[in-house]
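Written below as structure tokens is the structure these notes are about.
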Amino acid sequence: MVELECSACGKKYDASKEQHLCTCGKPLLARYDLRRAAATLTLENLKSRPRTLWRYAEVLPNDAPVSLGEGMTALVHAERLGASIHCGPGSLRRLYVKDEGLNPTGSFKARGMTTAVSRAKQLGAKALAAPTAGNAGGALAAYAAAAGIPAVIVMPADTPAANVMECQAFGAKVVKLNGLISDCGKYVAEHKDREGWYDVSTLKEPYRVEGKKTMGYELWEQFGGKLPDVIFYPTGGGVGLIGMCKAFDEMQEMGWIGAERPRMVAVQAEGCAPIVRAWEAHQNTAQFFQNAATIASGLRVPGPLGDLLILSMLRQTKGTALSATDEEMLQAGRELASLEGIFAAPEGAATVSAARKLAASGWIKPDETVVLFNTGTGYKYAEAWQRALA
Ligand SMILES: Cc1ncc(COP(=O)(O)O)c(C=O)c1O
Ligand SMILES: [Zn+2]
């Protein structure tokens with residue numbers, strides 16, 4: 001890693017020191033010497049590397065990794081589900097599910113936390129803190145335990161029980177608030193200086209994005225050096241989407257791909273859809289979504305800090321944004337489970353519902369390669385699945 005750069009104003013920061021937001025208030029992104037990286041980061045060399053996301057070492061912060069075996073999750077060809085999705089006169093033949101539920105702590109949040117905690121440890125952090133909708137807290141608590149650093153996890157009081165239990169089991173201090181993740185974020189911001197916490201909030205430190213971008217690298221590698229045509233991503237804070245788009249830009253700079261991009265589809269819950277609203281209103285930024293409510297706890301992010309980045313990436317990739325209701329997610333979760341053997345989080349199930357809608361409308365063509373991200377395991381969502389199966 002060479003330096004950090006503001007995603008909005010371009011101001012540069014020293015990456016060897018602890019950094020959070022830019023003085024302009026926007027997120028910082030890590031920059032690398034990509035010409036040098038391209039010399040050794042090749043499909044051939046990757047064949048003999050460990051099957052974790054740390055295989056992409058040239059484009060990650062070069063710390064001693066705090067690793068639990070995250071990344072290189074299965075890319076499942078969802079033939080039976082694809083056959084059930086009508087697309088013009090045909091169906092979706094090239095439908096894939098990237099199953100992030102297979103990560104340590106059962107979600108893609110492990111990716112961001114392995115890089116963020118590794119870096120925080122290197123920088124000498126004494127305690128780590130983050131607000132969470134659920135899964136990020138579990139992942140932070142696990143990596144903090146592995147790193148031997150205390151963690152404070154701040155979550156809404158009605159977060160799924162499994163998320164609370166895992167944080168407690170990992171030895172983290174859990175603070176429950178009557179409110180949403182935005183209130184939890186305020187709590188961390190107000191307490192961190194006094195308590196000496198290193199703030200690991202989404203986009204308020206630069207390295208969670210780095211771990212999450214490896215989802216983009218893995219797709220390229222798993223498709224044999226190609227990218228899919230369309231990617232459906234359940235979007236809360238948007239870090240997964242921002243990370244993958246950053247990966248695609250890096251790949252282009254390394255000469256792996258051209259200017260073409262997968263069309264990114266941000267999938268949100270109807271009960272909390274700030275990005276969808278902004279997208280439909282042709283706005284560059286999102287308004288705070290009042291009274292957010294959905295069973296997909298990870299999508300209950302009413303005011304995403306990365307709104308500007310998410311919306312510009314949807315535009316640049318000729319993507320789109322749409323939402324699914326809780327009932328649609330529960331139904332889609334049953335379909336994904338019974339047709340493919342994948343027990344998904346409601347967030348992941350939402351992408352199935354969204355793909356059905358965009359296939360029916362003709363936005364996707366039957367011969368296109370389509371990837372749905374199941375961002376988490378269903379095993380952590382006992383409350384939602386009880387409703388789905390009632
Ligand atoms: C299962 C799951 N999917 C998706 C998301 C949204 O993630 P992002 O912040 O990358 O948009 C979350 C966030 O908590 C989550 O737990
Ligand atoms: Zn800036």
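Counting starts at 1 for both ligands and their atoms, following the listed order.
Close approach of ligand 1 to N135 (heavy-atom distance below 4.0 Å) involves ligand atoms 1 (C), 15 (C), 16 (O). Less than 4.0 angstrom separates some heavy atom of K212 from each of these atoms of ligand 1: 10 (O). Heavy-atom contacts of G238 reach the following atoms of ligand 1: 8 (P), 9 (O), 10 (O), 11 (O) (cutoff under 4.0 Å). Those atoms of ligand 1 with a heavy atom of T235 less than 4.0 angstrom away are 11 (O). The distance from ligand 1 to the heavy atoms of P234 drops below 4.0 Å at these ligand atoms: 4 (C), 6 (C), 11 (O).
When only modelled atom types and interatomic distance are considered, D326 and T294 share a side-chain donor-acceptor pair under 3.5 Å. Donor-acceptor pairing under 3.5 Å is recorded for the side chains of Y217 and E250. A donor-acceptor contact closer than 3.5 angstrom links the side chains of K380 and N135. Residues T115 and W54 bring no donor and acceptor atom of their side chains to less than 3.5 Å of each other. Using a 3.5 Å distance cut-off with no hydrogens or angles, the side chains of E218 and Y56 do not pair a donor with an acceptor.
Test E335, R356, E79 against S84 for side chain to side chain donor-acceptor pair (under 3.5 Å) and you get one pass: R356.
Polar contact check, V239 against ligand 1: a nitrogen or oxygen pair lies under 3.5 Å apart. Annotation: F108 places no N or O atom under 3.5 Å from an N or O atom of ligand 1; distance criterion only. For the pair G237 and ligand 1, the shortest N or O to N or O distance falls below 3.5 Å. Residue G236 has at least one N or O atom closer than 3.5 Å to an N or O atom of ligand 1.
In this structure, C22 and C9 approach most closely via the heavy-atom pair SG-SG, 3.7 Å.
Between E100 and K212 no salt bridge is recorded (no basic side-chain N to carboxylate O distance below 4.0 Å).
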For D249 and K213, run salt bridge (charged side-chain N to carboxylate O under 4.0 Å, His left out): C-alpha distance rounded to whole Å, both residues' side-chain angles, the deciding distance at 0.1 Å, then the answer.
CA-CA 11 Å; D249 290 346; K213 80 180 178 187; over 6 Å; no
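The closest protein non-hydrogen atom to atom 10 (O) of ligand 1 is G240 N, 3.0 Å. Among protein heavy atoms, the minimum distance from atom 14 (O) of ligand 1 is reached at K109 CE, 3.1 Å. Protein heavy atom closest to atom 3 (N) of ligand 1, with residue, atom name and distance, is T375 OG1, 2.6 Å.
Taking the Zn ion (ligand 2) as the corner point, the angle from C9 atom SG to C22 atom SG is about 110° (rounded to 10 degrees). At the Zn ion (ligand 2), the vertex angle linking SG of C6 with SG of C24 is 110° (nearest 10 degrees).
Between D14 and E3, every side-chain heavy-atom pair lies at or beyond the 4.5 Å cut-off.
At a heavy-atom cutoff of 4.0 Å, ligand 1 is contacted by the side chain of Y381 but not by its backbone.
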